[in-house]
Amino acid sequence: MIPVAVPLFAAAVLLALPDRPGMRRVVALLATAAVTAVGVALLVLTRDGDVPVLRVGGWPPVVAITLAADPLSALLVTVSATVVLACLVAAAGTGEDSQRAFLPLTMVLSAGAYGAFLTTDLFNLFVLVEVMLVPSYVLLALAGGPGRAGAGRVYIATSLLGSTILLAGVGLLYGVTGTVGLADLAGMARKAPAVAVAGGVVLLAFTLKGALVPLHDWLPRAYPVASPVVVALFSGLLTKVGLYAIIRIYAVLYGGDPAYHPLLVAVALASMVIGVLGAIGVGSMRRVLAFHMVSQIGYVLLGLALFTAASLAAAVFYLAQYVLVKAALFLCAAVVRATHGTDRLSRLGGLASSNPLLALAFGIAALSLAGLPPFAGFLAKFLVLRAANEVGAWLMLTVAILVSLVTLLSMLKIWGAAFWGEAPRTVRNRTVRPGATLLGPPLALGVCALLLGPLGGPLLQVADAAAAGLLEPAGYVRAVSGR
């Protein structure tokens, strides 16, 4: 209950506190640190496949709001809280958290995301997704730049459409089964076509919310308008909840039915290719990184599509390290924008000499995203490629390698334009260098990306445990149902 209750309580406290920035920051940081600690504790509890369950209020399973943690949900709570912690520190560096609404909204948004990772029924998942989305509307407008009105309309309209489809899908599932609990729905899509269709509506909603091709266009249009810190926060929470829901529902409700593998493969490969090609053709750091969000999600979906123990472990490992790497890159963009007033590549240059620590943080995260050794991204992509090779999926293997190469080219594009050469005279280069609160978060996340390559054994063990639970969800179902 702590991952949901503590941030919500912190949001209430922050609204009541006077305008004392230091005290408000301490409250938000302590609440997020508490969630991170709980996430780590849940990782320890679930590493052997145990599934701790909490029934709020002590009600019986049929009527209780039930929260459960398995290795997958515990890992995502921990990683997401780590990103929120980094974003809070960076927001203090940029001054964004001086806006009175910023910290309470961030707390509510994070509480919704943590709850979505832990809930065990689809109606509560819908509610928690809405809890997460409502503050995101305000954050997008609050910290947005030029064009935020149009981007905000796209984002809100898309979110409302996705929520409408999701609620309709949940209603259809309840209509044909009489339940929305994941434990009660386990495997039913393989037995009843009506359940499969209703579940497909739910998955369609999360495909839209997760920005998978062909329902991805809203993300590169909306995200780059927000501030880089807000986008880093969104990248670690919003689309990842959609991706988590797809993984969980497909594993439990559909039981990994191979009849849907070709569709998943097609969506995964299309997302990888279209996302990376989009990144080549845009001219700002945030837009390049936003398109890469679409592309890199495809690697995770590819692991789900193969649905073997090796591919699922690869997908979980990839997702965990990718959340950290992508947040590090967006926070690097936050440093650039805070010190230069822009992140447009045509207006930048010379950052490697003027700010070597920023160049180091960006270089580590960019090389990890491209999948070069010894970074975590290399190990993650190697695991995905190995899983594809084991089942003879040569097309997937080839596309994944080519997309990695184009990803490297797009990272070199940013490096060459922003970090190499000399800055144009028209650049608004501020005289004050970024402090530790601004440079520290991307550096810390970059170090994580570096260490999770050669020292990724513990994370790989968690990924293996999560994969086992997805492949055979009987333990999760028994724990949640109480039977």
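All residue numbers in this chain count up from 1 along the given sequence.
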### Message
Which label fits Phe123 and Phe126: parallel for a plane angle under 30°, tilted from 30 to 60°, or perpendicular past 60°?
### Response
tilted

### Query
Any donor-acceptor pair under 3.5 Å linking the side chain of Thr119 with the backbone of Ala116?
no

### Task
Look at the side chain of Ser136 and the backbone N and O of Leu133, then say whether any donor-acceptor pair between them is shorter than 3.5 Å.
yes

### Task
State plainly whether the residues Arg337 and Asp343 are in salt-bridge range, i.e. N to O under 4.0 Å.
no

### Query
Got Leu372 and Phe378 here, is their nearest side-chain heavy-atom distance under 4.5 Å?
no

### Message
Is the shortest side-chain heavy-atom distance between Leu237 and Val83 below 4.5 Å?
### Response
no

### Summary
One should read off an interatomic distance between Leu306 CG and Leu312 CG, to the nearest 0.5 angstrom, of 8.5 Å

### Query
Looking only at heavy atoms, which two atoms of Trp218 and Ala211 are closest? And how far apart?
CZ2-CB, 3.8 Å

### Student check: side-chain heavy atoms of Arg248 and Leu125 closer than 4.5 Å
no

### Message
For Phe117 and Tyr244, take the angle between the two ring planes, folded into 0 to 90°, and tell me which bin it lands in: parallel under 30, tilted 30 to 60, perpendicular over 60.
### Response
perpendicular

### Query
Would you call Val276 and Met272 a side-chain contact if the rule is heavy atoms closer than 4.5 Å?
no

### Query
Just wondering, do Asp121 and Thr66 contact through their side chains at under 4.5 Å, heavy atoms?
no

### Message
Given 3.5 Å as the limit, does a donor-acceptor pair link the side chain of Ser284 with the main chain of Arg344, or not?
### Response
no

### Message
Taking atom OH as the centre, does Tyr260 end up with more than 12 heavy-atom neighbours from other residues, nucleotides or ligands that are less than 6.0 angstrom away?
### Response
yes

### Query
Taking Ser410 for the side chain and Thr407 for the main chain, is one N or O donor matched with an acceptor at less than 3.5 Å?
yes

### Query
Is a donor on one side and an acceptor on the other found under 3.5 Å between the side chain of Tyr299 and the backbone of Ala400?
yes

### Message
Donor-acceptor pair, distance only, cut-off 3.5 Å: does the side chain of Ser368 make one with the backbone of Gly377?
### Response
yes

#### Entry: Single hit among Ile364, Leu445, Leu455, Leu367 for side-chain contact (heavy atoms from CB on, under 4.5 Å) with Leu450
Ile364

### Query
Val336 versus Leu351: any side-chain heavy-atom pair under 4.5 Å?
yes

### Task
Classify the angle between the aromatic ring planes of Tyr155 and Phe234 as parallel (below 30°), tilted (30 to 60°) or perpendicular (above 60°).
parallel

### Message
Just by distance, no angles: are the side chains of Ser73 and Tyr476 close enough, under 3.5 Å, to form a donor-acceptor pair?
### Response
no

### Message
Hydrogens and angles aside, do Ser271 and His216 bring a side-chain donor and acceptor to less than 3.5 Å of each other?
### Response
no

### Message
One pair to check against side-chain hydrogen bond (donor to acceptor under 3.5 Å, both in side chains): Lys209 and Thr158. What are the steps and the verdict?
### Response
CA-CA 8 Å; Lys209 290 182 179 294; Thr158 303; over 6 Å; no

### Message
Just by distance, no angles: are the side chains of Ser404 and Lys381 close enough, under 3.5 Å, to form a donor-acceptor pair?
### Response
yes

### Query
Can you tell me if Arg287 uses its side chain to pair, donor with acceptor, with the backbone of Pro220 under 3.5 Å?
yes

### Message
Tell me the closest heavy-atom pair linking Gln321 and Ala380, and the distance in Å.
### Response
NE2-CB, 3.7 Å

### Message
For a quick test of reading the model, state the closest non-hydrogen atom pair linking Thr437 to Gly93 and the distance between them.
### Response
OG1-CA, 3.3 Å

### Task
List the steps and the verdict of salt bridge (Lys or Arg N to Asp or Glu O under 4.0 Å) for Arg24 and Asp97.
CA-CA 9 Å; Arg24 291 165 60 83; Asp97 64 352; over 6 Å; no

### Query
CZ of Phe9: more than 12 outside heavy atoms within 6.0 angstrom?
no

### Task
State whether the side chain of Ser110 and the backbone N or O of Met107 hold a donor-acceptor pair below 3.5 Å, judged by distance alone.
yes

### Aromatic ring pairing Phe419/Phe362, orientation class (parallel under 30°, perpendicular over 60°, tilted between)
parallel

## Note on the structure
Gly199 and Tyr254 have their tightest heavy-atom pair at C-OH, 3.0 Å

#### Entry: Check: Ser235/Lys240 side-chain N/O donor and acceptor closer than 3.5 Å
no

### Task
Verify the neighbour count for atom CG of Leu357: are there more than 12 heavy atoms of other residues, nucleotides or ligands below 6.0 Å?
yes

### Task
State, yes or no, whether a side-chain contact exists between Leu451 and Phe375 at a heavy-atom distance under 4.5 Å.
no

### Query
Closest approach of Val40 and Thr78, non-hydrogen atoms and distance?
N-OG1, 3.5 Å

